[in-house]
2 protein chains.
Amino acid sequence: MISPLPRDLFDPACPSNATPFQIGDKWAGMVLVCLEEGPRRFSELRVPLHRVSAKVLAETLRALERDGMVTRTAYDEVPPRVDYALTPLGRTLFPAMDACRAWAAEHLTEVLDARDDYARRGA
Amino acid sequence: MISPLPRDLFDPACPSNATPFQIGDKWAGMVLVCLEEGPRRFSELRVPLHRVSAKVLAETLRALERDGMVTRTAYDEVPPRVDYALTPLGRTLFPAMDACRAWAAEHLTEVLDARDDYARRGA
DNA sequence: GACGTCGGTAACTGCAACGTAACCGGGGCG
DNA sequence: CGCCCCGGTTACGTTGCAGTTACCGACGTC
């Protein structure tokens, strides 16, 4: 067991949930963040990503595997076990992702204020 | 007239077209890039963004205006004239966008190779 | 009077994303 | 026997995004 994933990515206070950037599809960025500290099993990923159905998580993981961002390792055991880990290529995404998340953390309130102003002007 | 927009953003060689990142929606990032050098009219934006329908471009611009990224200025003239310009907040996005585009420029071939490998393993 | 310009909007259509629920194998366990 | 475990797959329905087409007003031009 590596360290737990303490963050709730769906917390409205979490900038990653409000970033205007996305990686690939809607969930791929969050999956990469969940893998940052080490390999995870399918069902471990489902805990922090509880808003994602198994189907969509499986599709997201296969897309990331296809693009060389993660590796999928199946162990021939009972009960079956599979884990997913970042590749070196996947790790190269973090600087860019961090820049996006930093932008969101810094400017989120400005965006929300702009939306309020816009709504009031329309009203 | 400011300088023209020479790049074809849909050129397969253009990394911005292959970035796994998006800003907001599918087109917003490209619109911001097109506005980087100065204000543009609606129909000027349609030239480099010729793959976007007028409807979607209008929706994208309104979303960016709502979020305080661009300003819309309508001149009461005949024929009507409207232009769009980046706000200071919109300009703050460029460092993060540049990080994303740099990632794509650097790693695009690796992603394409990974896809080829994946397709061959599946075949 | 017909047509073009500019910056859109409205209505319709198709399709991809996403969610839900059921089901799978192959063993362990009560 | 019957049910649980894990890591999914399959079928099916809904939602929302994107594209196409047609149309608008107010004026200039042929």
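Here the structure is a predicted model, which is why all the values come from computation and not from measurement. Per chain, numbering begins at 1; letters A, B, ... match sequence-line order.
Comparing C/dG19, D/dT20, C/dG8 by their closest approach to the side chain of B/S53 singles out D/dT20. Listed candidates were D/dG8, C/dC18, D/dC6. Nearest to the side chain of A/P80 is D/dC6. Ranking D/dT9, C/dG7, C/dT9 by closeness to the A/A58 side chain, first place goes to D/dT9.
Annotation: side chain of A/M97 is in contact with side chain of A/V33 (closest heavy-atom distance under 4.5 Å). Counting heavy atoms from C-beta on, the side chains of B/V82 and B/F42 never come closer than 4.5 Å.
B/Y84 comes within 4.0 angstrom of sugar-phosphate atoms only, judged by non-hydrogen atoms across all strands, and of no base. Within the nucleic acid shown, A/R46 has no heavy atom closer than 4.0 Å to any nucleic acid atom.
Straight-line distance from the CZ atom of B/R40 to the P atom of C/dC6: 16 Å, rounded to whole Å. Going from atom CZ of B/R41 over to atom C1' of C/dC6 covers 7 Å, rounded to whole Å. The NE2-C1' distance, from A/H50 to C/dG19, rounds to 16 Å in whole Å. In this structure, CD of A/E44 is placed 13 Å from P of D/dG8, rounded to the nearest angstrom. D/dG19 atom P lies 11 Å from atom CG of B/L57, rounded to whole Å. The separation between B/Y75 atom OH and D/dA26 atom C1' is 20 Å, rounded to whole Å. Straight-line distance from the CD atom of A/E77 to the P atom of C/dG26: 17 Å, rounded to whole Å. Atom P of nucleotide D/dG7 and atom CZ of A/R81 are separated by 9 Å, given to the nearest angstrom.
Here the closest non-hydrogen pair linking B/F94 and B/L32 is CZ-O, 3.4 Å. Of all non-hydrogen atoms in B/L86 and B/R91, the two that sit nearest each other are CD1-NH1, 3.8 Å.
For the pair B/R40 and B/Y84, the NZ or CZ position fails the cation-pi test of under 6.0 Å to the six-membered ring centre and within 45 degrees of the ring normal.
Remark: A/R72 in residues 64-74 of chain A come within less than 4.0 Å of DNA chain D through at least one heavy atom.
Take the nearest nucleotide of DNA chain C for A/P79 and for A/A54: the residue whose nucleotide is more 5' is A/A54. Both A/K55 and A/F42 lie close to DNA chain D; mapped to their nearest nucleotides by heavy-atom distance, the more 5′-ward contact belongs to A/F42.
The phosphate of C/dT5 (OP1 or OP2) has no side-chain N or O of B/S43 nearer than 4.0 angstrom.
For the atom pair B/H107 NE2 and A/L93 CG, the distance stands at 7.5 Å (nearest 0.5 Å). In this structure, the separation between CG on A/L89 and CD on B/E110 is 5.0 Å, given to the nearest 0.5 Å.
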